[in-house]
Undergrad: 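Handing you this structure, nothing more for now.
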Protein chains: 2
Amino acid sequence: MPSPAVSSRDLPHPASGEIRLEDVLHALSDPMRLRIVRELAGAQGELSCSHFDLPVTKSTTTHHFRVLRESGVIRQAYRGTAKMNGLRRGDLDELFPGLLDALLHAAARQAARLGG
Amino acid sequence: MPSPAVSSRDLPHPASGEIRLEDVLHALSDPMRLRIVRELAGAQGELSCSHFDLPVTKSTTTHHFRVLRESGVIRQAYRGTAKMNGLRRGDLDELFPGLLDALLHAAARQAARLGG
DNA sequence: CGACTCGTACGATAGGCATCGTAGTACGGT
DNA sequence: ACCGTACTACGATGCCTATCGTACGAGTCG
């Protein structure tokens, strides 16, 4: 069966229309999650959770990815043992035009300014 | 003395260079504070705290204004018994070009979409 | 001075959340 | 069947925070 159904377990995502600005801002107000999103935006396509080398335990990493998914910032899907993550650029750009780019730009500027 | 010194009590504000994106996002991730900022952006100039009619007590209102000030989003100054509030547009636009407008636009869009 | 308004300070409370550790599940390969 | 890797679930912990109520300080006006 070569069809979809990438995996048996699937994950709850908010529909595009259910994404709330406050939730997105809250999700991005955590340094760890902002870092994840920046890395995700830099890489074209999807990245597995294990690709990220964060200074927290894996439990905590799982938590952050879930917050990002439930707020509508990223989309997650299992692929084998890996869990792939991708930015929901299309949905976000449609809902909040220019916001994601402004945020990423702002984050990059601040990182450059503070020597990150 | 016609100089500054609008009042005796003055309030601590972060310098422009101390404003952190994460703090700004956290400040704006609260519905009450986002509402305040939108109203402040709509009105040109400054507004007193008492101008706002929020569904919370005055204690809580004070709290929200302090969070906004300490994150660098607004500037506050006493003028007589009133406390005036103004968006720090210049500082924010310089640090994070386009971000404030994108945020305000996004908030307006969402309010329109959800019937706010 | 007194009364009134505007806003603050402080304590309490209840809920949220970032973090950890441990134990467990799902999948792929040998 | 077994093992290793990737991620999760759950409970605990300590901190942060949104909210309230009450009591107070600062300023204005009579």
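The sequence lines fix the lettering, A, B, ..., with proteins before strands; numbering per chain opens at 1.
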Undergrad: Of the candidate nucleotides C:dC6, D:dT19, C:dA9, which contains the atom at the shortest distance from the side chain of B:S59?
TA: C:dA9

Undergrad: Rounding to a whole Å, what distance do you find between A:R79:CZ and D:dC7:C1'?
TA: 16 Å

Undergrad: Compare the minimum distances between each of D:dT17, C:dT19, C:dG7 and the side chain of B:K83, then state the nucleotide with the smallest one.
TA: C:dG7

Undergrad: When you get a sec, tell me which of D:dT19, D:dT5, C:dC17 is the closest nucleotide to the side chain of A:H63?
TA: C:dC17

Undergrad: When you measure from the side chain of A:A82, which nucleotide among D:dA6, C:dG7, D:dA18 comes out closest?
TA: D:dA6

Undergrad: When you check the phosphate oxygens OP1 and OP2 of C:dC20, does a side-chain N or O of A:T60 lie under 4.0 Å from one of them?
TA: yes

Undergrad: What is the distance, to the nearest angstrom, from the NZ atom on B:K58 to the P atom on D:dG25?
TA: 16 Å

Undergrad: Can you tell me how far P of C:dC6 sits from CZ of B:F52, to the nearest Å?
TA: 15 Å

Undergrad: Can you tell me how far P of D:dC7 sits from CD of A:Q76, to the nearest Å?
TA: 10 Å

Undergrad: Closer than 3.5 angstrom, by distance alone: can the side chain of B:N85 be matched with the main-chain N or O of B:L47 as a donor-acceptor pair?
TA: yes

Undergrad: Look at A:T57 and C:dC20 and indicate whether a side-chain polar atom (N or O) is within less than 4.0 Å of OP1 or OP2.
TA: yes

Undergrad: Rounded to whole angstrom units, what separation is found between the CD atom of B:E70 and the P atom of D:dT17?
TA: 10 Å

Undergrad: Looking only at side chains, do A:T60 and A:T57 share a donor and an acceptor under 3.5 Å apart?
TA: yes

Undergrad: Nearest to the side chain of B:S50, heavy atoms from C-beta on, is which of C:dC6, C:dT19, D:dC20?
TA: C:dC6

Undergrad: Distance check needed: C:dA26 C1' versus A:M84 CE, whole Å only.
TA: 17 Å

Undergrad: I'd like to know if B:R89 and B:D101 make a salt bridge, using a cut-off of under 4.0 Å between side-chain N and carboxylate O.
TA: yes

Undergrad: Answer yes or no: is there a side-chain heavy-atom contact under 4.5 Å between A:L54 and A:I36?
TA: yes

Undergrad: Using side-chain contact (heavy atoms from CB on, under 4.5 Å), reason through B:R38 and B:R35 one step at a time and then give a plain yes or no.
TA: CA-CA 5 Å; B:R38 288 188 63 202; B:R35 174 169 163 175; 5.8 Å; no

Undergrad: So, is A:R33 close to the C:dA18 phosphate, meaning a side-chain N or O under 4.0 Å from OP1 or OP2?
TA: yes

Undergrad: Between D:dC7 atom P and A:D53 atom CG, what is the distance in whole Å?
TA: 13 Å

Undergrad: How do A:H26 and B:R66 order along DNA chain C: which one's closest nucleotide is nearer the 5' end?
TA: B:R66

Undergrad: Could you work out which one of C:dG7, D:dT19, D:dC7 sits closest to the side chain of A:T62?
TA: D:dC7

Undergrad: Checking all strands, does B:H51 fall into the base, sugar-phosphate, or nothing category for heavy-atom contacts under 4.0 angstrom?
TA: nothing

Undergrad: Would you say B:Y78 places a side-chain N or O within less than 4.0 Å of OP1 or OP2 belonging to C:dC6?
TA: no

Undergrad: Atom CG of A:L47 to atom P of D:dC7: distance rounded to whole Å?
TA: 11 Å

